[in-house]
Amino acid sequence: MKPVVLIIGKPNVGKSTLFNRLIKEKKAIVMDYPGVTRDQIFSEARYDGRAFTLVDTCGIFEEPANELEEAAKNKVLESLDDSDLILFIVDGRNGLTAEDHYLANVLRKVKNKVLLVANKVESYDKFEINILPELYTLGLGILFQFPQNIIKIWMS
Ligand SMILES: Nc1nc2c(ncn2[C@@H]2O[C@H](COP(=O)(O)OP(=O)(O)OP(=O)(O)O)[C@@H](O)[C@H]2O)c(=O)[nH]1
Ligand SMILES: [Mg+2]
């Protein structure tokens, strides 16, 4: 079986945008408001000659507002063990919130396969000063940036 790469993160951080970019298709719906992705979306992907299954998710709601969110959350929780790599996406422009910390705590149990990805990093200078130090406090692996050069660093 191909390795499974799971994209996770709180709503609206750009998970589906990254998913589409990596599979080079507009398969997942991208909107400028949170809570767009519900069911997990799977796609076969290939990068640098390596094939893998990429999964876009709704992330994990700390406090699901309804049964749908509860079911979606449980599905993602179940998927963690079955994934080979988990891309934990955070907002590199606005920094962390309680939701990110909640997710980080959940992911600590599978820490060795988690990569923290800061998305929406349009100004690296601002990011480095305002956001980067905060991200290190999560104590989760290496930091990658998107969109600037994640793919380059990821595969190197
Ligand atoms: N400025 C900026 N905006 C981005 C970036 N990546 C995504 N966005 C925007 O952020 C918004 C949310 O993107 P999505 O990809 O739908 O986010 P998501 O995490 O899948 O959201 P949910 O499915 O609702 O959890 C959209 O308006 C995107 O265009 C980025 O790198 N920079
Ligand atoms: Mg989405």
Side-chain angles (χ1 to χ4, degrees), residues 4-43 45 47 52-80 83 85-111 113-151 153-154:
V4 175
V5 179
L6 193 76
I7 300 177
I8 205 169
K10 73 182 176 193
N12 207 40
V13 288
K15 299 179 296 297
S16 298
T17 304
L18 177 60
F19 176 84
N20 286 343
R21 181 170 163 154
L22 288 172
I23 65 168
K24 301 187 185 88
E25 268 181 63
K26 287 193 176 153
K27 187 168 180 176
I29 299 170
V30 169
M31 294 286 183
D32 61 0
Y33 53 85
V36 175
T37 306
R38 292 288 163 169
D39 290 333
Q40 296 187 21
I41 306 171
F42 297 79
S43 182
Y47 191 83
F52 54 96
T53 303
L54 191 64
V55 189
D56 184 21
T57 73
C58 62
I60 295 177
F61 306 94
E62 184 171 3
E63 286 177 22
N66 50 50
E67 279 180 24
L68 205 71
E69 286 190 4
E70 176 92 45
K73 173 180 178 175
N74 289 335
K75 233 179 184 171
V76 177
L77 285 173
E78 284 166 21
S79 308
L80 296 181
S83 311
L85 178 69
I86 297 165
L87 300 179
F88 174 22
I89 320 293
V90 295
D91 186 331
R93 202 168 42 185
N94 296 313
L96 301 176
T97 62
E99 280 175 293
D100 297 300
H101 286 287
Y102 171 77
L103 203 47
N105 275 331
V106 173
L107 294 177
R108 236 174 281 282
K109 293 171 197 118
V110 286
K111 186 179 165 176
K113 56 184 181 184
V114 174
L115 289 181
L116 183 62
V117 178
N119 198 17
K120 306 192 183 182
V121 179
E122 261 89 37
S123 158
Y124 188 78
D125 290 347
K126 274 190 203 160
F127 168 74
E128 199 172 23
I129 296 165
N130 301 325
I131 311 290
L132 185 60
E134 184 183 16
L135 298 187
Y136 280 123
T137 66
L138 289 178
L140 276 175
I142 316 159
L143 178 77
F144 292 78
Q145 301 118 29
F146 177 79
Q148 284 165 325
N149 48 9
I150 175 183
I151 295 173
I153 300 174
W154 181 19

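- Rounding to the nearest 0.5 Å gives a distance of 7.5 Å between CG of N20 and CD1 of I41.
- Residue L103 holds its CG atom at 10.5 Å from CZ of R108, rounded to the nearest 0.5 Å.
- Counting non-hydrogen atoms of neighbouring residues, nucleotides and ligands closer than 6.0 angstrom, the NZ atom of K27 exceeds 12 such neighbours.
- Under the 4.5 Å side-chain criterion, counting only non-hydrogen atoms from C-beta, I131 is not in contact with R93.
- In this structure, N119 contributes its side chain and I89 its backbone to no donor-acceptor pair below 3.5 Å.
- To the nearest 0.5 Å, the span separating CG on L54 from CZ on R21 amounts to 13.0 Å.
- In terms of heavy-atom proximity, E70 sits nearest to P64 at N-CB, 3.5 Å.
- For the atom pair L80 CG and L107 CG, the distance stands at 6.0 Å (nearest 0.5 Å).
- Legend: residues meeting salt bridge (Lys or Arg N to Asp or Glu O under 4.0 Å) with D91, ordered by chain and number and at least two apart, are absent.
- Side-chain contact between F42 and V4: absent, with no pair of heavy atoms (C-beta onward) separated by less than 4.5 Å.
- Checked by atom type and distance alone, the side chain of D100 pairs as donor or acceptor with a backbone atom of T97 at under 3.5 Å.
- In this structure, CD1 on I23 lies 10.0 Å from CZ on F52, to the nearest 0.5 angstrom.
- With hydrogens and angles ignored, the 3.5 Å screen pairs no side-chain donor or acceptor of S83 with any backbone N or O of L85.
- Between the side chains of T37 and K15, no donor-acceptor pair of N or O atoms lies under 3.5 Å.
- At most 12 heavy atoms of other shown residues, nucleotides or ligands fall within 6.0 angstrom of atom CD1 in I29.
- Side-chain contact annotation: Q40 with S79, donor-acceptor N/O pair under 3.5 Å present.
- The two residues K73 and E62 come nearest to each other via the heavy atoms NZ-O, 3.3 Å.
- Atoms NZ and OG1, from K26 and T17 in turn, are 10.5 Å apart once rounded to the nearest 0.5 Å.
- Side-chain atoms of L138 and L96, non-hydrogen and from C-beta on, do get closer than 4.5 Å to each other.
- Counting heavy atoms of neighbouring residues, nucleotides and ligands inside a 6.0 Å radius, atom NZ of K113 exceeds 12 of them.
- Taking the charged nitrogens against the carboxylate oxygens, R38 and E69 do have a contact shorter than 4.0 Å, which makes a salt bridge.
- Side-chain N or O atoms of K10 include none that pairs as donor or acceptor with a backbone N or O of P34 at under 3.5 Å.
- Counting only heavy atoms from C-beta outward, the side chains of L68 and F61 never approach each other to under 4.5 Å.
- Here the rule is side-chain contact (heavy atoms from CB on, under 4.5 Å) with C58, and of I8, V76, V36 only V76 fits it.
- Heavy atoms only, all atoms of each residue included: L140 and L116 are closest at O-CB, 3.8 Å.
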